[in-house]
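What follows is a short report on a single structure.
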2 protein chains.
Amino acid sequence: MTVRELKKRETWRLVHGTALRLMTERGFDAVSVDDIVAAAGISRRTFFNYFAGKESVVFDPDPGDPELWDRLLAERPAGEPLWISLRELLLGYTTATAERMILQRQVRAASPELAGCSREVADRFWDAIRAWAPSNLSDFQLDLTINAARTVLNTACPHWAPDDGITGLHALIRAGFDTLDWTTDESRTPVRS
Amino acid sequence: MTVRELKKRETWRLVHGTALRLMTERGFDAVSVDDIVAAAGISRRTFFNYFAGKESVVFDPDPGDPELWDRLLAERPAGEPLWISLRELLLGYTTATAERMILQRQVRAASPELAGCSREVADRFWDAIRAWAPSNLSDFQLDLTINAARTVLNTACPHWAPDDGITGLHALIRAGFDTLDWTTDESRTPVRS
DNA sequence: TAGCTCTCTTGCACTCAGTGCAACTTGCAC
DNA sequence: GTGCAAGTTGCACTGAGTGCAAGAGAGCTA
């Protein structure tokens with residue numbers, strides 16, 4: 001890891017942390033990009049080098065996350081039903097990033113304007129899963145299965161009281177996967193070979 | 001229907017139609033609000049009286065839709081499993097608004113920038129459904145069920161070739177509801193009494 | 001360590017979305 | 001017709017996001 005890469009990662013986390021702190025205090029709309037860059041001590045233009053927009057600062061994955069995704073995907077045993085894999089991936093991811101999940105939840109609590117914004121977990125994570133998932137499904141069915149998992153998380157988050165800690169979220173995720181479970185019909189349970 | 005209400009409805013449809021035509025030709029980002037109001041012959045400020053933002057002009061429900069929702073909800077027989085009701089509601093809604101669905105699909109085809117924007121059917125429609133749905137479910141399970149139906153539609157739309165007409169979309173919706181079907185386990189099939 | 005190069009940062013000027021306000025116009029009721 | 005309420009418009013403003021060109025700093029090589 002070169003000095004440059006290290007600095008970039010540090011700056012990313014500085015800006016990210018600063019922004020989420022301010023937004024937890026005042027709400028998303030009440031914090032301008034100028035507020036963030038002033039508090040973080042960088043220029044306005046640099047902010048947009050790191051983040052495509054103001055929403056990205058809340059929802060983009062940590063620069064270290066792709067490594068985590070690879071590890072989580074590698075841990076899934078061959079032959080596991082896809083629906084179970086998805087559940088375990090989400091549980092693993094939310095465990096490893098519990099601190100961020102709670103922060104994001106607090107920003108949302110302070111920012112009703114973010115309501116319709118389902119991006120709890122980065123798109124790129126779902127893309128990685130889609131590329132990894134078994135191919136014995138049509139494109140449509142694969143997208144549908146993955147989007148259903150996404151929906152479990154997106155539905156669980158607003159019902160989650162972050163005071164309960166990350167285990168509260170986990171309970172909702174498990175309940176959601178159980179509710180939508182379609183592994184009861186063995187004949188259409190997709191599995192990785 | 002007073003003259004005022006009639007004019008409002010006409011203006012709404014004029015602006016909506018003009019905007020979607022321009023966006024189909026050039027793409028969402030390449031059409032500015034100034035372009036729309038110039039083509040529709042209204043003032044910039046009036047545009048924002050009708051629509052909360054540029055996205056709203058694409059995704060807001062037609063002023064006549066709430067009437068349609070009421071009719072569709074009233075048509076569902078008592079005792080029908082919720083999952084089936086949701087399927088039929090979506091089929092009914094997309095049939096009645098086929099023309100708009102196709103237009104929206106074309107705008108999306110011309111506007112990759114709208115990709116992450118799952119709003120095929122207005123939030124207010126889902127709110128109406130949530131208020132109507134059976135109460136023998138926890139809040140979480142109800143939200144999850146409704147969001148799962150939403151996910152079927154949101155997943156179906158990008159897989160839909162609008163050249164196939166609305167029946168192409170219907171086939172995908174049916175297939176999606178079948179894939180996620182959890183009425184196979186009778187004991188947890190929610191039903192309206 | 002001097003010098004070259006490539007990356008990242010910054011300031012500036014610009015476009016466009018969205019809002020508050022006050023003046024004006026038009027439908028509607030009495 | 002007069003008066004009120006609803007709808008429209010122009011204007012001036014804030015804030016997000018972008019293109020560009022100049023400058024600062026990292027990293028490599030001799």
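Lettering follows sequence order; numbering is per chain, from 1.
You'll find that the side chain of Phe48(B) is closest to dA17(C), out of dG17(D), dA17(C), dT10(C).
Between Thr46(A) and dT10(C), a side-chain N or O to OP1/OP2 separation shorter than 4.0 Å is present. The phosphate of dG27(D) has OP1 or OP2 within less than 4.0 Å of a side-chain N or O from Thr2(A). Between Ser43(B) and dT9(D) there is a side-chain N or O to OP1 or OP2 distance below 4.0 Å. The side chain of Tyr50(B) places an N or O atom within less than 4.0 Å of a non-bridging phosphate oxygen (OP1 or OP2) of dT8(D).
Cluster partners of Val31(A), using a side-chain heavy-atom cutoff of under 4.5 Å among ILVMFWY residues and allowing indirect links, are Trp12(A), Val15(A), Leu20(A), Leu22(A), Met23(A), Phe28(A), Val33(A), Ile36(A), Val37(A), Ile42(A), Phe47(A), Phe48(A), Tyr50(A), Phe51(A), Val57(A), Val58(A), Phe59(A), Leu103(A), Val107(A), Leu114(A).
The nearest whole Å value for the distance from the CE atom in Met23(B) to the P atom in dC16(C) is 14 Å. Atom CG in Asp35(A) sits roughly 13 Å away from atom C1' in dA16(D) (whole-Å rounding). Atom-to-atom, CG of Asn49(B) to P of dC21(C) comes out at 14 Å; the value is rounded to the nearest Å. For the pair Asp29(B) CG and dT18(D) C1', the computed distance is 12 Å after rounding to whole Å. Atom CZ in Phe47(A) sits about 17 Å away from atom C1' in dC8(C), given to the nearest Å.
Using modelled atom types and a 3.5 Å distance limit, the side chains of Asn147(A) and Thr155(B) yield a donor-acceptor pair. At a cut-off of 3.5 Å, with distance as the only test, a side-chain donor of His159(B) or Asp143(A) sits close to an acceptor on the other residue. A donor-acceptor contact under 3.5 angstrom links the side chains of Ser85(B) and Glu80(B), judged on distance only. Between the side chains of Asp35(B) and Ser32(B), at least one donor N or O lies within less than 3.5 Å of an accepting N or O.
With hydrogens and angles ignored, a donor-acceptor pair closer than 3.5 Å exists between the side chain of Arg44(A) and the base of dG17(D). Contact of Arg45(A) with dG19(D) (side chain to base): a donor-acceptor pair of N or O atoms is detected under 3.5 Å.
Across the strands present, dC30(C) finds its partner in dG1(D); the criterion is a Watson-Crick or G-U wobble pair with both atom distances under 3.5 angstrom.
Screening Leu180(B), Thr145(B), Leu144(B) for a side chain to side chain contact (heavy atoms under 4.5 Å, CB included) involving Leu180(A) leaves a single residue, Leu144(B).
Counting heavy-atom neighbours within 6.0 Å of Glu99(B) CD, excluding the residue itself, gives a total of 12 or less.
For the contact set between residues 4-15 of chain B and DNA chain C, defined by any heavy atom under 4.0 Å, the members are Arg4(B), Lys7(B).
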